[in-house]
Every structure is written in structure tokens, then in C-alpha cells.
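Step one of this worksheet: look at the structure below.
As a basis for the values below, the full set of heavy atoms in this structure was taken, side chains included, without hydrogen atoms, waters or symmetry mates. In the text below, chain A, chain B and the rest are named by the order of the sequence lines, each starting its count at 1.
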Amino acid sequence: MQIKLDLDTTPFNIDFTLRCGQVFRWQKEFNTWRGIINESLIEITQRHNNLTFDLYPTTKPTVIQRYFRLDDDLPCIIHSINKDSNIGKALTQLQGLRLIRQDPWECVISFICATFANIPRIKSMIYNLCRAFGHRITNKRYTDYLFPSPRKLASASISQLLACNLGYRARYVKAAAEHILKGKICLQHLQSIPYPEAKQELPHIEGVGQKVADCILLFSLDKLNAFPVDRWIHRILVTQYQRFLSTKHVDQRSLTPRRYKELSAFGQSYFGDYAGYAQEYLYAYHLTLPVTTGSPVP
DNA sequence: GGTCAACCTCTAGA
DNA sequence: ATCTAGAGGTTGA
């Protein structure tokens, strides 16, 4: 199956999108990306404006549109967040980068695991979890594993989770699975309520603080105004946006809860309704270019 | 209310 | 080869 995109109205770059640290389960072999959407294996290749894909077992092609948020009006979003030359560079260099709409449960576990780790390490942890606990799925060409269910991870032993190299995250993963299983929180419900209320609910899950909550809200629960602040965004804000911040923020030491709240709120008010897109462009730009301590942006 | 170390272990670069 | 610093933070004292 294939989809023809009009790149003027629907810019899309699958490499930027899948490499920018918002999702950890995709692998590229030659020109083809392999991953899983809605419990189906998917292989997808982009050549300019042409998306070719296979799904197994069969699923409607509309899942592609939904997962990659191809219905977001990206040119309009870019226009709205293009506030200065600093983000402007990121927007220019990373044309076609999109946020995706991933499975909330997978997103919760992924970002619990993402604490105090780098991207290769996160990918490895997630893959280990899937291989150890996920349902095996095979098409004619290769095998992969579904993301394990809450029930599966809740019944895993700590030592089994440690064997996946989760380290101190093992108990958080187990507790989060139990939390979901007991129905203490309904992730689907969070999709339909406003950002502030959804943001309050998530930290009830052990291992989920403000930053992880914002990532979950942005990458899986349609809260495009969420503005996660990690070490890198923190550094970018205090070096490139210092003139917008009160002097007490211009401090590169640890990101305290209070500073987090203030910096995230700044990002939301400065970039607006699509602040999350701005955050992702800034973050992805740092992956390609190291953050300089150069002059602030006008 | 705020600060501070501890947490697992992997990865990149010296 | 071997070592060190740092990694998409959170928790509990």
C-alpha cells in the first residue's frame, strides 16, 4: 500500500520523526523502517513524497495517518512556533519532523525507563522488555515482539525485570503496571480531558514525575501544548533564552521542581498552543548540533 | 517550601 | 585496553 503526500501542505520526514527521541522501538534497515503500530508489524519506506508500507496482520491504512499525525497542519504549526532565529534554525534544518501519536501505555513505560539514561540505553531496555515479555509476532521476513501488556509486566518478578537491565527502574515498571492493572488510572480517559487535569493524574504512578508526565502527555495523549524540560532543554533555555527568564533561572545547576514548573510554563506561554512541537524541534536540533554557550537570541 | 545524595549500568570519548 | 563523565529524572531524607 502507499500514500502520496503533498509535501507543501503535508511536510513529512520519517527519519527525523523516528530518530528524534520521542519513540524507541523503530529500526531502520537500508531504507525501510520496521516497527509496530496497533499490534501489527509495519514496514514503511519514504521516497520523497511517497510512503510505501506493509502491515501484518492486515490493518487499515488510516492507522498510518493517525500514528504519524499526518492530519496535523504542520505548516501552520511551524508558522505559529517560529518565534525567533534560534528555533528558526531548528525548523529549517529539521523540515518534516512530526510528533507522533504513540500508545499511551508503551509511552508510560518508555519514559519511566528514560530517566537518567541515554537514547541507545533506552532502546536497549525497551527491546529487552519486549523480547522477554511481549507476544512474539512473525511475518514472512522477520520477527518482532509486541509491547508487553500491563498484566504481563505486573506479574513479572523484579529479578526478571533486572535481567532486562532496567536497574533501579525495575520496581517502577512493576509498580506502574500494577497501578494500571488495578484501574487506579485510565490512560484513555486522560486523552479527552484538558492538559492541567491530566498532568495532575500521571505523577500518581511511581517513577512518573513532572518531566515524564509531560512526555507522556505530548507523545501519546494529544497534549500538544505540553513542554517537557529535560537537561538539554534546560541548557538551551538558560543559554539561548536567558533574556526572557528572570535571573534566578539562569543557573545551570539541577532542575528543581519549582524551576521545572517555571521553565515549562515559560515554554508554553512563549511558543503557544503547539509548544510541544517547539520543544521537540529544539531537542532534536541539539542531537545534531551541540548546544553552544553563545549569545542569546533577540 | 527548598536542597541533596542515591539510584543501575550503559555509552561515548579520553 | 581501561577509565571517567554523563546520560530525555525521581524519590526520600
>> Under the rule for ring pair (Phe, Tyr, Trp, His ring centres under 6.0 Å), what residues qualify as partners of A/Y283, not counting sequence neighbours?
In response: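 Here the qualifying residues are A/H286.
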
> With A/F111, which residues qualify under ring pair (Phe, Tyr, Trp, His ring centres under 6.0 Å), at least two apart?
Replying inline: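 Result, ring pair (Phe, Tyr, Trp, His ring centres under 6.0 Å) vs A/F111: A/F24, A/F219.
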
[X] has an atom [atom1]; how far is it from atom [atom2] of [N], in whole Å?
X      : N      : atom1 : atom2 : result
A/L161 : B/dC7  : CG    : C1'   : 16 Å
A/H234 : C/dG9  : NE2   : P     : 12 Å
A/K261 : C/dT10 : NZ    : C1'   : 16 Å
A/W232 : C/dG6  : CH2   : P     : 10 Å
A/Y168 : C/dA7  : OH    : P     : 13 Å
A/I216 : C/dT10 : CD1   : C1'   : 13 Å
A/K211 : C/dT10 : NZ    : P     : 7 Å
A/Y260 : B/dG2  : OH    : P     : 16 Å

> Can you find a side chain N or O atom of A/R231 that sits less than 4.0 Å from OP1 or OP2 on C/dA5?
Replying inline: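 Checking C/dA5 against A/R231, no side-chain N or O comes under 4.0 Å of OP1 or OP2.
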
When you compare the protein's N or O atoms with those of nucleotides 11-13 of chain C, which come within less than 3.5 Å of each other, and at what distance?
from, atom 1, to, atom 2, distance (Å)
C/dT11, OP1, A/G207, N, 3.0

> Is the A/Y270 ring parallel, tilted or perpendicular to the A/F244 ring (thresholds 30°, 60°)?
Replying inline: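 The arrangement is tilted - the two ring planes meet at 30° to 60°.
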
[X]: partners by salt bridge (Lys or Arg N to Asp or Glu O under 4.0 Å), with sequence neighbours left out:
X      : value
A/D144 : A/R25
A/D71  : none
A/D15  : A/K28
A/R131 : none

> By the rule that ILVMFWY residues connect when side-chain heavy atoms come within less than 4.5 angstrom, directly or transitively, which residues belong alongside A/Y145?
Replying inline: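 A/Y127, which link up through side-chain heavy atoms under 4.5 Å apart, make up the rest of the cluster.
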
> Applying side chain to side chain donor-acceptor pair (under 3.5 Å), which residue pairs with at least one partner in residues 184-204 of chain A are found, sequence neighbours left out?
Replying inline: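 Counting only pairs at least two positions apart or across chains, the side chain to side chain donor-acceptor pair (under 3.5 Å) contacts touching residues 184-204 of chain A are A/Y195-A/K199, A/Y195-A/D214, A/K199-A/D214.
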
>> For DNA chain B, report each stem as range with range, ordered by first number, or say none. Use Watson-Crick or G-U wobble pairs under 3.5 Å, at least 3 in a row.
In response: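 Stems found: B:3-7 with C:9-13, B:9-14 with C:2-7.
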
> Sequence neighbours excluded, which residues qualify as side chain to side chain donor-acceptor pair (under 3.5 Å) partners of A/E43?
Replying inline: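 So A/E43 forms a side chain to side chain donor-acceptor pair (under 3.5 Å) with A/R34, A/R141.
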
Base, sugar-phosphate, or nothing: which does [X] touch, judged by heavy atoms less than 4.0 Å apart?
X      : result
A/Q22  : base
A/C164 : nothing
A/I112 : nothing

> Should the heavy atoms of other residues, nucleotides or ligands under 6.0 Å from CD of A/Q27 be counted, would the total exceed 12?
Replying inline: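 At most 12 heavy atoms, drawn from other residues, nucleotides or ligands, come within 6.0 Å of this atom.
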
>> Suppose you measure atom P in C/dT10 against the same atom in B/dC10; what distance do you get, rounded to whole Å?
In response: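 Result for the P pair: 22 Å, nearest Å.
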
>> One character per nucleotide, please: for nucleotides 9-14 of chain B, 5' to 3', B when the base has a protein heavy atom closer than 4.0 Å, S when only the sugar-phosphate does, - otherwise.
In response: BSS---

> Measuring from A/I87:CD1 to A/I81:CD1, what's the distance to the nearest 0.5 Å?
Replying inline: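 So the gap between those two atoms works out to 4.5 Å.
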
